[in-house]
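In what follows, a structure is listed as structure tokens, so that the remarks can point back to it.
In what follows, every chain begins at residue 1, and chains take the letters A, B, ... in the order their sequences are listed.
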Number of protein chains: 2
Amino acid sequence: MSDIDIAQANEKNEMQPIAQVASAAGLQADEIEQYGPYKAKITFAAQKRLAQKPQGKLVLVTAINPTPAGEGKSTIVVGLGDALRKIGKKAVLALREPSLGPVMGMKGGATGGGYAQVVPMEDINLHFTGDMHALTCAVDTLAALIDNHMQQGNQLNLDPRRISWKRGLDINDRALRNIVIGMGGPYQGVPREDGFDITVASELMAVLCLASDLHDLKERIGRIVIGFSYDRKPVTVAQLGVTGAIAALLKDAAKPNLVQTLEHTPTIIHGGPFANIAHGCNSVLATRAALALGDIAVTEAGFGADLGAEKFMDIKAPVLGKTPDAVVIVATVRALKYNGGVPLKELGTENLAALRAGFANLNRHIDNMQHYGVPVVVAINAFTKDTDAEIKLVQELCAAKGVQAVNTTVWADGSAGGLELAQAVVTATEQPSTFKPLYALDTSLQDKLATIVQNVYGGSKVEFSHQASINLKVIKKNGWDKLPVCVAKTQYSFSDDATKLGAPTDFTIHVSEIVPKLGAGFLVVKTGAILTMPGLPKVPAAQNIDVDDDGVISGLF
Amino acid sequence: MSDIDIAQANEKNEMQPIAQVASAAGLQADEIEQYGPYKAKITFAAQKRLAQKPQGKLVLVTAINPTPAGEGKSTIVVGLGDALRKIGKKAVLALREPSLGPVMGMKGGATGGGYAQVVPMEDINLHFTGDMHALTCAVDTLAALIDNHMQQGNQLNLDPRRISWKRGLDINDRALRNIVIGMGGPYQGVPREDGFDITVASELMAVLCLASDLHDLKERIGRIVIGFSYDRKPVTVAQLGVTGAIAALLKDAAKPNLVQTLEHTPTIIHGGPFANIAHGCNSVLATRAALALGDIAVTEAGFGADLGAEKFMDIKAPVLGKTPDAVVIVATVRALKYNGGVPLKELGTENLAALRAGFANLNRHIDNMQHYGVPVVVAINAFTKDTDAEIKLVQELCAAKGVQAVNTTVWADGSAGGLELAQAVVTATEQPSTFKPLYALDTSLQDKLATIVQNVYGGSKVEFSHQASINLKVIKKNGWDKLPVCVAKTQYSFSDDATKLGAPTDFTIHVSEIVPKLGAGFLVVKTGAILTMPGLPKVPAAQNIDVDDDGVISGLF
């Protein structure tokens, strides 16, 4: 059975009304706004009340570098949450909202799999409560207001060649990466080069995810730099006078969404930046709500720990005001063997040598997480062809580093397949955690980047393109280089070369461009050939998706 | 007090839970999906049940040509609905969803005004239930799939110079009217000229509005022509193999939304095409639901009767399977004087001569509606500076045509200001209605267009541009010229010249382009300088909009 079949079979029989899930989680009846019977938004008033409550433990789930073999990080998050409930803990999940780019493209959704899923999965992966759409609308409304300003007299003296605000769509659309707009003569706008990013990479997504409340959301929107004037001064949204309008478009999107797992674990889904081209963490508001409602809040950060977890620790945690009490790193035997050089087709065969070689990838991620001073647990997401010897080898290699690696079967068994993991995670959260940040903010951008490259990625050098050097000068001139760094990099390798698997060393990271994001409060450092607008594959997943005459979705994955 | 102040003061004190509104309207508890406490969607199952019920009377509200003086058609619809309830009729309203283009630009929202408003007006005018956003997403996902197809081998042999599917955003953004996409080399798409329409002008909006159920929605999506192959054959969405995915994106948007007026009249808001650049009527599903739930369903069509009402009669009514039992034409003394040549600043002064001259505009709209064989009532939307003599003159001029003109004060007084209008409308619906269509479908496109221009607009000639002549050839060659005509034309004049007020005669309509819309099932005939992507004004309304720290919106209008 496919994920959607399992989800739909269970949804029909077993979903609880969301009011019941909310009540069980500790929310009052008037603290949610229902979106149909199984989805709700948590009101601003509820968030204010929850801010006064003591916080539970925080567990961050991350992973090795992703491979085509599949890792199943969301699946583990869901299974772990359900299992924690089974052993008597009040667990609450905080996840990211799926983007339609991967749903229509290749990767699929972000609601877990098998018997470890968040439901209603079709809704969450498609329209959900419209947050992503509202963000897209806000991104493009701001762009329209910028171009209109230039058309209507350009009082702010904006240089059309230096507009940094890009348009956005929640779609993989390579044809919109580089476009020319404003063609057709004097009544059709000011001609200029432009482009669309995927919405999840937009600064407004980061702003939504990092805002601590509506007031902070507005402050951050106002600080966004939309471009530069002809005299090279940065121009902000506040100067354009439309902070309120952009915030108003996000009024509903700013409220975290409540859903449930197949086993009714309350799950807060809110904000969905990618970790390769953005900061990769769900919203601070969602994680705070989970911490206030649960004994244990389980959250995730996108892609491998070099991207999502690093950004969680260095960008999100300071805003959240809370660091993880434990980190779970998800790995699969298959993915480790792939990292050890085994081709995709041969991953079903036992291969201990390759597994040992590929362990280098997991090994470095463990080191990196331990470096932050946080207890680490490894979750092995079991596949049917894993052999006992393979699982044992991973466990031994982890044990040698003082880390427990737990085999889990939550895809097939739900919470029953994650009880041991849950117990290990509880134990880990009870260990002392002495969080050390990776870098000090008051060092230069180059120093911060070098620290990430050398201490997290295992590389040796950083090279700046001509464009990046110019960006750097502008950043220094404006006093922005004390902001944290958000690296945009391929998710497939520690390096900026997607083909370098395992744990490459002695490589150079190539910086193509640096984009200051003052509203988000970080500097995006683009490396290698990373693009902030993905493309669709030759056979897009869209070709399989359907809806029947009664509104039932099929073919999602 | 502004409209938003009145709305918010009343919303807080008096809005009923939407479940109560739904129940009072005759919907069962499980037939709605709540979106917060005051908004809901009507399920597909409910629509199936309602389809079996007898239909109430249908009242279409239309207007004279709009002027900067303001007409208040939506205000009259709401006030009429409330007043019908007051005199014991079970009235249900069916309106269009507002577009963010005018909300952020100039015109404002579409929820009525004063004490004749639909609430929660901030929600409805901004994010609402996300329908407009979902449509935007579907429009642009289809575009991305088309460009990806060409990039990935182009099996359908699509000619990039002949892609007719345009991208869309629910924003006024002139800089996106004419763009070049796919720049940057072989990995960044196929370069071509492209452009964005405002979402409400997209064929997908028309498809949503004209679909009779999900099955029909999919059929219509599949029929959409996205462009032509190098050998000049039309290529459809069905051929691209993504009908299901596009329909899936509209699964929630396809369900009509239920809200209430300040006086709790059930109001179904669904679909929002503009009447100047699209067909201008809310969805067939919404109107059908209103007809099934009410003794009297009151609906509207956009802008003046030359645009919205004509398209209601000739495009929507045949699909709806029901023609109006009465038509209400909204006029104001101010707007008639403006049509009679009085400048905006002098409209506050009594001027019977100008009023008599400007009556020519209303006069022609009355003739046109009577030509369809439907009883007509004129609603005068009262402004404080109207004099008794002016109102009396309008009433006398209407009476001479056998039409009752009723002065209404619903903006200031709510239902109490519309009781006489309600009684007049009930009387009108009890008169015999013998609907005659304007044109026969099996005549040529030129004949249908000539009929509209001569019999509705009062013009004498139609001129086709070179581009339009080429379009016409393609349309004939493919056998599409038996479809109804959807004219895109300025809303300010019967002619295609916005400055020709009153009732111009002997003018030529200039056709710039003809776009076949096979999914919608009509041919869009663009005339004059009409654009399918509006622009923002020098001081956009966005600059006044704000949201406070508790999420309360201000400055909408």
Side-chain angles (χ1 to χ4, degrees), chain A residues 33-37 44 100 104 126-127 129-130 133-134 136-137 140-141 144-145 147-148 151-153 169-184 188-190 213-215 241-242 244-245 247-249 251-252 535-536 538 540 542-543 545-547 549-551 553 555, chain B residues 33-37 44 100 104 126-127 129-130 133-134 136-137 140-141 144-145 147-148 151-153 169-184 188-190 213-215 241-242 244-245 247-249 251-252 535-536 538 540 542-543 545-547 549-551 553 555:
Chain A
E33 294 168 358
Q34 284 194 219
Y35 277 61
F44 295 125
L100 280 167
M104 291 289 161
L126 291 171
H127 181 66
T129 56
H133 294 334
T136 299
C137 181
D140 294 317
T141 297
L145 289 162
D147 277 297
N148 185 60
Q151 173 77 6
Q152 306 269 12
L169 284 171
D170 185 31
I171 291 166
N172 291 357
D173 194 345
R174 72 172 67 72
L176 294 182
R177 283 175 190 154
N178 304 294
I179 67 176
V180 179
I181 65 168
M183 313 290 278
Q188 326 289 341
V190 177
D213 55 26
L214 261 182
H215 183 81
V242 297
L249 288 172
K251 172 180 81 93
D252 292 323
L536 288 166
K538 179 147 186 161
Q543 293 186 10
I545 297 174
D546 205 355
V547 54
D549 295 352
D550 296 313
I553 302 286
Chain B
E33 295 168 359
Q34 284 195 218
Y35 277 59
F44 295 126
L100 280 167
M104 292 288 161
L126 291 170
H127 181 66
T129 57
H133 294 334
T136 299
C137 181
D140 294 318
T141 297
L145 289 161
D147 277 297
N148 185 60
Q151 173 76 6
Q152 306 269 12
L169 283 171
D170 184 31
I171 293 168
N172 290 359
D173 194 344
R174 71 171 67 70
L176 295 182
R177 283 175 191 155
N178 303 293
I179 67 176
V180 179
I181 65 167
M183 312 291 278
Q188 324 291 340
V190 177
D213 54 27
L214 263 182
H215 183 81
V242 296
L249 288 172
K251 170 180 82 89
D252 293 322
L536 288 166
K538 179 147 187 161
Q543 294 187 10
I545 297 175
D546 204 356
V547 55
D549 295 354
D550 296 312
I553 301 286

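For a residue to count as touching a neighbouring chain, one of its non-hydrogen atoms must lie under 4.5 Å from one of that chain's; by this rule Asp252(B) touches chain A with the side chain only. Proximity to chain A (any heavy atom under 4.5 Å) is shown, for Leu145(B), by both the backbone and the side chain. Contacts between Leu169(B) and chain A at a heavy-atom distance below 4.5 Å involve the side chain alone, from C-beta outward. With a threshold of 4.5 angstrom between heavy atoms, Ile181(B) approaches chain A through its backbone and through its side chain. When heavy atoms are compared at a cutoff of 4.5 Å, Asn148(B) approaches chain A by way of both its backbone and its side chain. With a 4.5 angstrom heavy-atom cutoff, Lys538(A) touches chain B via backbone and side-chain atoms both. At a 4.5 Å heavy-atom cutoff, the contact between Ile171(B) and chain A is made by side-chain atoms alone. Interface remark: Asp550(A) contributes backbone and side-chain atoms alike to the contact with chain B (heavy atom separation under 4.5 Å).
For Gln188(A), the side chain to side chain donor-acceptor pair (under 3.5 Å) partners two or more places apart in sequence, or in a different chain, are Arg177(B). Listed by chain and number, the residues in a salt bridge (charged side-chain N to carboxylate O under 4.0 Å, His left out) with Asp546(A) are Lys218(B) (sequence neighbours excluded).
With hydrogens and angles disregarded, no donor-acceptor distance shorter than 3.5 Å links the side chain of Arg174(B) to the backbone of Gly182(A). Although no hydrogens or angles enter the test, the distance criterion places a donor-acceptor pair under 3.5 Å between the side chain of Gln152(A) and the main chain of Leu536(B).
Between Val180(A) and Met183(B) there is a side-chain heavy-atom pair separated by less than 4.5 Å.
Chain B forms more heavy-atom pairs under 4.5 Å with one residue of Asp170(A), Leu100(A), Asp140(A) than with any other, namely Asp140(A).
Distance check, rounded to the nearest 0.5 Å: CG of Leu249(A) to OG1 of Thr136(A) gives 11.5 Å.
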